[in-house]
Amino acid sequence: MDIIKISVFGISAVLLALVLKSYRPEYSVFLSIAVCVCIFLFVGTKLELIIGYAEKMLEMIQIDHSYITMILKMVGITYIAEFASDICKDCGHQTIAGQIELFAKLSILVVGMPVLLAFMETVGEIL
């Protein structure tokens with residue numbers, strides 16, 4: 001089970017970072033960032049599986065590919081922004097973290113705008 005491996009890896013890194021913090025606080029931050037990047041890269045392998053399953057679903061049902069692509073982009077934006085924001089917060093830069101989150105929200109809005117426009121056109125045709 002991968003979650004157990006990642007959890008043990010994360011907890012071990014936190015304990016090591018706590019020990020390092022008393023001697024060299026700057027190394028503690030670097031260790032935390034390195035562990036976050038390693039875990040994020042591992043998450044990337046899981047995302048490949050999800051994309052594969054999404055492609056199989058597209059083959060089974062007749063739906064426009066752009067909608068699934070849009071959903072996957074939104075999920076990707078969310079995960080990347082949360083990852084970057086959490087690292088900034090851990091380093092004590094809450095303002096930068098907030099700006100990353102704001103940019104992610106606007107990016108998701110931009111990605112989803114074609115669906116909103118298509119919905120508005122459909123409603124306009126009905127009325």
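How far CG of Asp86 is from CD1 of Ile100: 10.0 Å, rounded to the nearest 0.5 Å. Going from atom NZ of Lys105 over to atom OG of Ser107 covers 12.0 Å, rounded to the nearest 0.5 Å. The distance from the OG1 atom of Thr69 to the CE atom of Met74 is 11.5 Å, given to the nearest 0.5 Å. Here the straight-line distance linking atom OG1 of Thr95 with atom CD of Gln99 works out to 7.5 Å at 0.5 Å rounding. A distance of 9.0 Å separates CG in Leu20 from OG in Ser32, rounded to the nearest 0.5 Å. Atom CG of residue Leu102 and atom OG of residue Ser85 lie 11.0 Å apart, to the nearest 0.5 angstrom.
Linking Ile, Leu, Val, Met, Phe, Trp and Tyr whenever their side-chain heavy atoms come within less than 4.5 Å leaves Phe103 and Met113 in two separate clusters. When the side chains of ILVMFWY residues are joined at heavy-atom separations under 4.5 Å, either directly or via intervening members, Met57 and Val75 end up in two distinct hydrophobic clusters. In the hydrophobic cluster analysis, where Ile, Leu, Val, Met, Phe, Trp and Tyr join through side-chain heavy atoms closer than 4.5 angstrom, Val35 is grouped apart from Phe40. In the hydrophobic cluster analysis, where Ile, Leu, Val, Met, Phe, Trp and Tyr join through side-chain heavy atoms closer than 4.5 angstrom, Val14 is grouped apart from Val29. A continuous path of hydrophobic side-chain contacts links Ile77 to Val115 [ILVMFWY only; heavy atoms under 4.5 Å].
Ile96 and Cys88 make their closest contact through CG2-SG, 3.8 Å (heavy atoms, listed as atom of the first residue, atom of the second, distance). Nearest heavy-atom pair, Val111 versus Lys73, reported as atom, atom and distance to 0.1 Å: CG1-CB, 4.2 Å. Looking at every heavy atom in both residues, Asp2 comes nearest to Lys46 through OD2-NZ, 2.6 Å. Between Cys91 and Ile33, the shortest heavy-atom contact is SG-CD1, 4.0 Å. Here the shortest heavy-atom pairing between Ala17 and Leu31 reads N-CD2, 3.6 Å. Taking all atoms of both residues into account, the shortest heavy-atom contact from Ile6 to Phe42 is CD1-CD2, 3.7 Å.
Under the 4.0 Å criterion applied to side-chain N and carboxylate O atoms, Glu101 and Lys89 are assigned as salt-bridge partners.
You'll find the side chain of Val37 reaches within 4.5 Å of the side chain of Phe83, heavy atoms only.
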Quiz item: Run the side-chain contact (heavy atoms from CB on, under 4.5 Å) check on Cys38 and Phe9 step by step: do they pass?
Solution: CA-CA 10 Å; Cys38 289; Phe9 179 62; 4.0 Å; yes

Exercise. Kindly determine whether Ser12 and Val8 satisfy side-chain contact (heavy atoms from CB on, under 4.5 Å), including the steps that lead there.
Key: CA-CA 6 Å; Ser12 300; Val8 169; 4.0 Å; yes

Practice problem: Show your working on side-chain contact (heavy atoms from CB on, under 4.5 Å) between Cys36 and Ile87 and close with a plain yes or no. | Solution: CA-CA 8 Å; Cys36 287; Ile87 286 179; 4.0 Å; yes

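By the neighbour-count criterion of 12 heavy atoms within 6.0 Å, atom OH of Tyr79 is sparsely surrounded, having that number or fewer from other residues, nucleotides or ligands. Applying the 6.0 Å contact sphere to CD of Gln94 captures more than 12 heavy atoms from other residues, nucleotides or ligands. Environment of CZ in Phe30: sparse, with no more than 12 heavy atoms of neighbouring residues, nucleotides or ligands closer than 6.0 Å.
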